[in-house]
Amino acid sequence: MTRTVDPRNLTRNQRERLQRSKSFEDVAEEIVAEEYGLEGLALDPDWWDLRHPDRPTKHQVKSTSTTVGEKYPGDGRFRLWESQTESLARSDGQAVAWYTFVLLDESAGLLRLRRAKPSTVAGWVESRGGWNQSGHPMGRQHKLPWSVVFDA
């Protein structure tokens with residue numbers, strides 16, 4: 001299920017940070033925390049971003065906008081890491097893990113949120129050819145187009 005957030009309902013600080021940069025990871029995490037009653041300060045921020053205060057639920061937030069890049073413009077995409085997805089999928093087996101995708105829909109002027117189980121996300125990656133080398137210490141990655149998440 002997709003939720004929408006009107007940026008006019010954000011705090012002034014959040015709106016200013018959202019307008020300053022297309023990289024709005026921190027604002028996205030704050031919005032997800034507010035929408036789902038979560039808190040930050042994850043024990044291992046490389047593996048998950050937020051948690052539920054009363055349950056051992058892990059939430060990983062991914063954010064992008066419908067278009068990215070000025071030098072090389074293109075459609076936005078979510079960067080996923082294989083090792084992170086596998087770790088969350090193991091927790092998913094105990095029903096305690098979620099990905100939450102946040103899309104800045106520039107044409108509609110809205111933020112769109114969609115939660116998905118890590119096993120669903122892994123299925124999207126596999127259906128698109130699997131994991132790719134990244135050149136980063138986090139290991140293999142997949143850049144998932146926003147349309148796969150929000151048009152599915």
Side-chain angles (χ1 to χ4, degrees), residues 1-68 75-126 128 131 134 136-152:
M1 171 182 221
T2 300
R3 293 184 183 197
T4 58
V5 175
D6 187 330
R8 294 176 294 191
N9 295 334
L10 300 176
T11 66
R12 180 179 178 184
N13 186 9
Q14 289 172 329
R15 284 192 312 271
E16 288 173 357
R17 287 187 296 154
L18 189 63
Q19 291 171 353
R20 272 193 299 233
S21 172
K22 287 195 178 226
S23 177
F24 59 98
E25 295 172 9
D26 292 338
V27 176
E29 284 182 21
E30 289 173 17
I31 292 166
V32 170
E34 290 169 13
E35 284 290 311
Y36 297 104
L38 306 171
E39 59 186 26
L41 304 172
L43 297 175
D44 188 349
D46 288 338
W47 294 104
W48 46 285
D49 297 316
L50 301 168
R51 63 182 176 199
H52 191 279
D54 301 323
R55 296 186 298 276
T57 306
K58 301 173 184 178
H59 292 258
Q60 179 62 35
V61 179
K62 297 294 182 180
S63 59
T64 194
S65 55
T66 49
T67 59
V68 294
D75 291 340
R77 54 205 175 277
F78 299 102
R79 180 182 271 190
L80 305 171
W81 300 102
E82 180 181 36
S83 54
Q84 185 178 59
T85 301
E86 288 175 352
S87 174
L88 289 168
R90 283 190 295 276
S91 293
D92 184 19
Q94 301 163 5
V96 295
W98 290 96
Y99 267 104
T100 304
F101 296 93
V102 181
L103 175 67
L104 174 59
D105 188 336
E106 296 162 312
S107 62
L110 295 171
L111 291 165
R112 297 168 61 189
L113 284 66
R114 178 168 182 204
R115 288 195 323 170
K117 298 304 276 174
S119 56
T120 300
V121 174
W124 290 337
V125 170
E126 290 307 313
R128 294 184 36 77
W131 300 99
S134 69
H136 294 275
M138 288 284 290
R140 297 194 320 165
Q141 70 177 353
H142 187 87
K143 293 182 180 177
L144 189 66
W146 68 263
S147 57
V148 171
V149 176
F150 287 93
D151 293 343

Legend entry - Nearest heavy atoms of Thr57 and Ala97, plus distance in Å: CG2-N, 4.4 Å
Inset, instruction - State the CD1-CG distance between Ile31 and Leu113, to the nearest 0.5 angstrom. - result: 7.0 Å
Inset, instruction - Could you grab the distance from atom CZ of Arg114 to atom CH2 of Trp146, nearest 0.5 Å is fine? - result: 12.5 Å
Inset, instruction - Write down the atom of Val68, the atom of Gly76, and the distance for their closest heavy-atom approach. - result: CG1-CA, 3.9 Å
Inset, instruction - Examine distances only and state if a side-chain atom of Arg3 and a backbone atom of Glu35 form a donor-acceptor pair shorter than 3.5 Å. - result: yes
Inset, instruction - Could you check if a side-chain atom of Phe150 sits within less than 4.5 angstrom of a side-chain atom of Asp105, using non-hydrogen atoms only? - result: no
Inset, instruction - To the nearest 0.5 Å, tell me how far Thr100 OG1 sits from Leu38 CG. - result: 7.0 Å
Inset, instruction - Using distance alone, with no hydrogens and no angle criterion, decide if Thr85 and Tyr99 have a side-chain donor and acceptor under 3.5 Å apart. - result: yes
Legend entry - Heavy-atom side-chain contact between Leu144 and Arg77 under 4.5 Å: no
Inset, instruction - Kindly say whether Gly139 contributes a backbone atom to a donor-acceptor pair with the side chain of Glu82 at under 3.5 angstrom? - result: no
Legend entry - From CZ (Arg140) to CD (Glu86), nearest 0.5 Å: 8.0 Å
Legend entry - Where Trp124 and Val149 come nearest, the two heavy atoms and their spacing: CZ3-CG2, 3.7 Å
Legend entry - Set of residues satisfying side-chain hydrogen bond (donor to acceptor under 3.5 Å, both in side chains) with respect to Ser134, sequence neighbours excluded: none
Inset, instruction - Give the C-alpha distance, both sets of side-chain angles, the deciding distance and a yes or no for side-chain contact (heavy atoms from CB on, under 4.5 Å) between Arg55 and Val96. - result: CA-CA 8 Å; Arg55 296 186 298 276; Val96 295; over 6 Å; no
Inset, instruction - Given side-chain contact (heavy atoms from CB on, under 4.5 Å), test Leu88 with Val121 step by step and report yes or no. - result: CA-CA 10 Å; Leu88 289 168; Val121 174; over 6 Å; no
Inset, instruction - Find the distance between CG (Leu110) and CG (Asp6) and round it off to the nearest 0.5 Å. - result: 6.0 Å
Legend entry - Validation row: Val125, Leu80 side chains within 4.5 angstrom (heavy atoms): yes
Inset, instruction - Indicate the atoms forming the closest heavy-atom contact of Gly109 with Pro7, along with that distance. - result: O-CD, 3.1 Å
Legend entry - Quiz item: cation-pi between Lys58 and Trp98, 6.0 Å / 45°: no
Inset, instruction - Supply the atom-to-atom distance Tyr36 OH to Arg115 CZ, rounded to the nearest 0.5 angstrom. - result: 5.0 Å
Inset, instruction - Taking all non-hydrogen atoms of both residues into account, name the closest pair between Pro53 and Gly37 and its distance. - result: CD-O, 3.3 Å
Inset, instruction - Report yes if the side chains of Thr64 and Leu104 come closer than 4.5 Å at any heavy-atom pair, otherwise no. - result: no
Legend entry - Nearest heavy atoms of Trp131 and Gln141, plus distance in Å: CE3-C, 3.4 Å
